[in-house]
Amino acid sequence: MKYIAGVLFHSVFLSTQAQQFTDTPKKGEVKSLIGRGKEITGFGNIDFRVGEVVSQQALIMGAYGGILVNKNIMLGVAGYGIATESQFEGFDPETNELRDLNIYGGYAGMLMGFKVASKEIIHLSVPMVIGAGHLDVSDDNYFNVPNGDNDFTLESTSFFVFEPSALVELNISYHFRMGFGAGYRLVRGSSLENLADDNLSGFSGVLSFQFGNF
């Protein structure tokens, strides 16, 4: 009987110590966003953005994905590209002739963000992309060859981009969500003869589809 009581006492003591080790942070322990006790799941988004590029409406398609910490904090990577023809009237830097020019390119970078009340059917999601992009300005009729490859890249540039968005998100199922909202694309550091940073910046409406373990 004494042996059984001793075993029970020892088991309770070890269980208590283990619980204290799990639940109570050690004195001086470094706290971190991703660490012991954090719930981490994966997710991926497909985005459709309609907004102004060089004073006209364009479709920008992209995707982002990464990890969701405690169902609220998003960390990952993102990438977007111009999906529709974006044409404007500009000058050929070599001949200084006024021509119809096209823009091709996109941007990518790090994704950060957060969700508010993500367990509710309708909640708020705020993703932010910080990164860099590349654009080509092309004359698609430069060579004027019938049935030939007529495009010629007149100038190119890289740039810094910051794009925050705010979405109203709807939980369709445990693994699928839809979001509707708006974002603003801030471009800085481009070096084009025909276009300034403000021509490449602008607001956009966003339709988003998210998949993952929520």
Side-chain angles (χ1 to χ4, degrees), residues 33-34 42-69 72-91 93 100-116 124-140 151-169 177-212:
L33 181 63
I34 303 174
F43 74 96
N45 265 63
I46 300 174
D47 268 12
F48 299 90
R49 295 173 177 259
V50 177
E52 194 172 86
V53 178
V54 196
S55 302
Q56 60 182 297
Q57 297 300 310
L59 173 64
I60 298 175
M61 296 178 58
Y64 61 84
I67 60 172
L68 192 62
V69 181
N72 292 317
I73 300 174
M74 296 180 287
L75 297 171
V77 293
Y80 292 89
I82 301 174
T84 54
E85 184 178 45
S86 295
Q87 193 173 75
F88 69 99
E89 196 173 56
F91 288 93
D100 289 330
L101 305 179
N102 292 76
I103 301 175
Y104 300 98
Y107 53 96
M110 179 175 62
L111 168 80
M112 297 184 297
F114 59 91
K115 297 177 184 289
V116 179
L124 179 67
S125 179
V126 183
M128 294 173 283
V129 178
I130 303 174
H134 182 85
L135 284 178
D136 292 328
V137 175
S138 172
D139 184 347
D140 289 355
D151 66 289
F152 179 74
T153 300
L154 300 176
E155 53 179 341
S156 301
T157 185
S158 298
F159 56 86
F160 166 82
V161 62
F162 173 56
E163 187 170 35
S165 304
L167 307 177
V168 175
E169 212 165 59
R177 293 174 172 178
M178 288 182 62
F180 309 87
Y184 183 78
R185 183 182 61 261
L186 176 67
V187 171
R188 289 292 180 266
S190 64
S191 57
L192 296 172
E193 293 289 337
N194 283 282
L195 301 172
D197 291 338
D198 290 341
N199 297 126
L200 305 174
S201 303
F203 288 96
S204 60
V206 184
L207 173 61
S208 178
F209 300 96
Q210 188 171 104
F211 305 88

Let me have the donor-acceptor pairs involving side chains of residues 54-63, under 3.5 Å, with sequence neighbours excluded, atom names and distances please.
from  : atom 1 : to    : atom 2 : distance (Å)
Gln56 : NE2    : Gln87 : O      : 2.1

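Between Ile130 atom CD1 and Met110 atom CE the span is 5.0 Å, to the nearest 0.5 Å. Atom CD of Glu193 and atom CD of Glu155 lie 6.0 Å apart (nearest 0.5 Å). Taking CG of Leu186 as the start and CZ of Phe160 as the end, the distance is 7.0 Å to the nearest 0.5 Å. If you take CZ on Phe159 and CG on Leu195, they are separated by 11.5 Å, rounding to the nearest 0.5 Å. To the nearest 0.5 Å, the span separating NZ on Lys115 from CD on Gln210 amounts to 3.5 Å.
Residues satisfying the ring pair (Phe, Tyr, Trp, His ring centres under 6.0 Å) criterion with Phe162, sequence neighbours excluded, are absent altogether.
At a threshold of 4.5 Å between non-hydrogen side-chain atoms, the residues Asp139 and Leu101 count as touching. At a threshold of 4.5 Å between non-hydrogen side-chain atoms, the residues Phe114 and Asn72 do not count as touching. Between Tyr107 and Val187 there is no side-chain heavy-atom pair separated by less than 4.5 Å. The shortest distance between side-chain heavy atoms of Leu75 and Met112 falls below 4.5 Å. In this structure the side chain of Val50 never reaches within 4.5 angstrom of the side chain of Phe48, judged on heavy atoms.
Neither side chain, Ser125 nor Arg177, offers a donor N or O lying under 3.5 Å from an acceptor on the other.
What you find for Tyr184 and Ser201 is that their closest heavy atoms are OH-CB, 3.7 Å. Contact between Thr153 and Asp136 at its shortest, heavy atoms only, is CG2-CB, 4.0 Å. What you find for Asp151 and Ser138 is that their closest heavy atoms are CB-OG, 3.8 Å. Closest heavy-atom contact between Leu135 and Gly106: CD2-N, 4.3 Å. Here the shortest heavy-atom pairing between Phe209 and Met178 reads CE2-CE, 3.7 Å. The nearest pair of heavy atoms linking Arg185 to Leu200 is NE-O, 2.9 Å.
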In sequence, state the C-alpha distance, the side-chain angles, and the governing distance for Glu163 and Arg49, and then conclude on side chain to side chain contact (heavy atoms under 4.5 Å, CB included). CA-CA 12 Å; Glu163 187 170 35; Arg49 295 173 177 259; 3.3 Å; yes

Go through it in stages, so that I can follow the logic: the residues are Tyr104 and Ile82, the test is side chain to side chain contact (heavy atoms under 4.5 Å, CB included), and I'd like the CA-CA distance, side-chain angles, deciding distance and then a yes or no. CA-CA 7 Å; Tyr104 300 98; Ile82 301 174; over 6 Å; no

Side chain to side chain contact (heavy atoms under 4.5 Å, CB included) assessment of Phe88 paired with Ile103: CA-CA 8 Å; Phe88 69 99; Ile103 301 175; 3.6 Å; yes

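The neighbour count for Ile46 CD1, taken as heavy atoms of other residues, nucleotides or ligands under 6.0 Å away, does not exceed 12.
In this pair, Tyr64 and Tyr80 present their aromatic rings tilted. The plane angle is within the 30 to 60° band.
For Asn102 (side chain) and Glu85 (main-chain N/O), no donor-acceptor pair under 3.5 Å exists by modelled atom type.
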